[in-house]
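Heads up: the structure comes next, in structure tokens.
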There are 2 protein chains.
Amino acid sequence: MDVTAKPPGGDCKAVGEILSRVGDKWSIQIVVALRSGPRRFNEIKRRVGGISQQMLTRTLKTLERDGMVERTVRPSTPPQVDYTLTPLGHSLSETVHQLAEWAAAHRGNIEDNRLRYDGRQV
Amino acid sequence: MDVTAKPPGGDCKAVGEILSRVGDKWSIQIVVALRSGPRRFNEIKRRVGGISQQMLTRTLKTLERDGMVERTVRPSTPPQVDYTLTPLGHSLSETVHQLAEWAAAHRGNIEDNRLRYDGRQV
DNA sequence: CGGAATCCTGCGAGATACTG
DNA sequence: CAGTATCTCGCAGGATTCCG
């Protein structure tokens with residue numbers, strides 16, 4: 001079967017793929033950190049907070065691979081690298097923003113449900 | 001600092017929470033499987049496809065805890081259990097649908113980017 | 001049929017140290 | 001400053017078996 005085709009119900013798998021791509025621990029936070037403009041490596045690290053440089057490097061590379069961010073090296077001493085959100089990255093951040101609003105709107109509700117559930121179960 | 005308070009920029013963390021909650025391998029697929037109405041355990045298992053009953057049980061329980069699905073036991077022989085999407089679950093599925101559309105719209109783009117990136121790097 | 005309990009594995013992810 | 005290389009560990013998630 002051709003994967004490039006778009007079967008009627010096949011999108012669910014695509015969503016799953018996107019979600020696992022973007023649903024990892026850092027991708028979204030990095031994208032959000034880049035919304036306001038180009039940032040340098042350690043600048044992002046500081047803004048995200050709690051991320052190891054290992055994961056930052058890794059995640060940035062994946063995001064770059066997917067065309068979400070663009071990496072620009074300026075050969076100076078010390079070397080300076082800027083990361084910028086591409087249009088695709090921006091459009092993702094917009095979409096994620098929807099989810100963010102949903103999350104903000106229902107967070108209390110969910111926590112409430114959890115407390116009730118846990119209260120019952122113990 | 002009070003975590004229950006809602007600081008202006010604090011939503012990003014909430015999103016992260018929701019994403020890691022919902023961004024796991026199965027939650028979304030289960031929610032989607034339940035959109036069309038109540039389903040029984042093995043029915044869901046069949047519809048989702050590829051999930052172990054272990055993970056199905058686990059994920060359903062978490063979704064129930066968060067108030068996304070409701071579990072209804074009908075004491076018959078053999079026992080019959082129905083899972084239904086709550087209003088909260090439905091609203092989630094709506095929101096996720098947005099993401100699904102984004103995914104569907106940009107999937108080709110992303111794959112393209114990957115191929116190009118991989119081609120360059122080798 | 002719908003689970004619970006148990007065991008096992010790989011990968012996500014952190015910490016640390018080294019390089020250019 | 002901006003990475004790369006290792007090492008390690010926890011946990012998501014799979015397979016299998018047992019229970020009511």
Side-chain angles (χ1 to χ4, degrees), chain A residues 13 15-31 33-34 37-66 69-84 117-118 120-122, chain B residues 13 16-31 33-34 38-66 68-84 117 120-122:
Chain A
K13 292 174 191 172
V15 194
E17 206 184 310
I18 297 294
L19 268 178
S20 52
R21 178 67 262 310
V22 130
D24 67 16
K25 202 173 176 183
W26 302 112
S27 294
I28 292 298
Q29 296 190 53
I30 292 178
V31 168
L34 286 174
R39 301 282 171 189
R40 299 180 51 187
F41 187 87
N42 280 318
E43 207 172 352
I44 301 174
K45 186 159 166 18
R46 252 168 281 138
R47 284 175 72 97
V48 169
I51 191 174
S52 64
Q53 98 291 51
Q54 164 81 286
M55 286 314 296
L56 182 52
T57 304
R58 227 187 260 178
T59 309
L60 278 173
K61 205 176 290 180
T62 317
L63 288 172
E64 188 194 357
R65 183 172 108 105
D66 288 353
V69 306
E70 189 177 346
R71 199 182 100 118
T72 321
V73 187
R74 282 189 297 181
S76 53
T77 47
Q80 183 165 341
V81 183
D82 284 305
Y83 291 91
T84 321
Y117 187 90
D118 293 346
R120 268 194 306 156
Q121 299 298 317
V122 180
Chain B
K13 292 174 191 170
E17 206 184 311
I18 297 293
L19 269 178
S20 52
R21 180 63 265 305
V22 130
D24 68 15
K25 201 173 178 183
W26 301 113
S27 294
I28 292 299
Q29 296 191 52
I30 293 179
V31 168
L34 286 175
R39 302 281 171 189
R40 300 180 50 187
F41 187 88
N42 279 319
E43 207 171 353
I44 301 174
K45 184 159 165 20
R46 252 168 281 137
R47 286 175 70 96
V48 169
I51 190 174
S52 63
Q53 100 295 41
Q54 162 82 287
M55 285 316 295
L56 182 52
T57 304
R58 226 187 261 179
T59 310
L60 278 172
K61 204 175 294 179
T62 317
L63 288 172
E64 189 195 356
R65 183 172 106 105
D66 288 353
M68 305 288 188
V69 307
E70 189 176 345
R71 200 180 100 117
T72 321
V73 186
R74 281 190 297 181
S76 52
T77 48
Q80 182 165 341
V81 184
D82 285 304
Y83 291 91
T84 321
Y117 188 91
R120 269 195 305 156
Q121 300 298 319
V122 181

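In terms of heavy-atom proximity, A:Y83 sits nearest to A:R71 at CE2-CG, 3.3 Å. For the pair A:K45 and A:I51, the tightest heavy-atom approach, listed with the atom from each and the gap, is NZ-O, 3.1 Å. Nearest heavy-atom pair across B:A33 and B:R47 is O-NE, 3.4 Å. Between B:L60 and B:V69 the shortest heavy-atom distance is O-CG2, 3.9 Å. B:V22 and B:I28 make their closest contact through O-CG1, 3.3 Å (heavy atoms, listed as atom of the first residue, atom of the second, distance).
Look at CD on A:Q80: it is 11 Å from P on D:dG3, rounded to the nearest Å. Here C:dT16 presents its C1' atom at 16 Å from CE of A:M55, a figure rounded to the nearest Å. Between the C1' atom of D:dA15 and the CG atom of B:L56 lies a distance of 15 Å, rounded to the nearest Å. One can place CZ of A:R39 at 17 Å from C1' of D:dC1, the figure rounded to the nearest angstrom. Across the protein-nucleic acid pair, A:R21 atom CZ and C:dG12 atom C1' stand 13 Å apart, rounded to whole Å. In this structure, B:W26 atom CH2 and D:dA12 atom C1' are separated by 12 Å, rounded to whole Å. If you measure from atom NZ of A:K61 to atom C1' of D:dA2, you get 11 Å, rounded to the nearest angstrom. Between A:K45 atom NZ and C:dG14 atom C1' the separation is 11 Å, expressed in whole Å.
Put simply, A:Y83 has a side-chain N or O that comes within less than 4.0 Å of OP1 or OP2 on D:dG3. For D:dC1, the OP1/OP2 oxygens have no side-chain nitrogen or oxygen of A:R40 closer than 4.0 Å.
A:E43 pairs in a side chain to side chain donor-acceptor pair (under 3.5 Å) with only one of the listed residues (A:R46, A:R40, A:R39), which is A:R39.
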Listed pairs, N/O of protein and of nucleotides 5-10 of chain C, under 3.5 Å:
{"unit_1": "C:dT6", "atom_1": "O4", "unit_2": "B:Q54", "atom_2": "NE2", "d": "2.6"}

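Which of C:dG14, D:dA2, D:dG14 sits closest to the side chain of B:S52 comes down to D:dG14. Listed candidates were C:dG20, C:dA13, C:dG2. Nearest to the side chain of B:F41 is C:dG2. Between C:dA13, D:dG3, C:dC1, one nucleotide has an atom nearer to the side chain of A:D24 than all others, and that is C:dA13. When distances are taken from the side chain of B:K25 to each of C:dG14, D:dC1, D:dG14, the shortest belongs to D:dG14.
In terms of modelled atom types and a separation under 3.5 Å, the side chain of A:T62 and the main chain of A:R58 share a donor-acceptor contact.
The residue B:T57 sits close only to the backbone: its heavy atoms come under 4.0 Å of sugar-phosphate atoms, none of a base.
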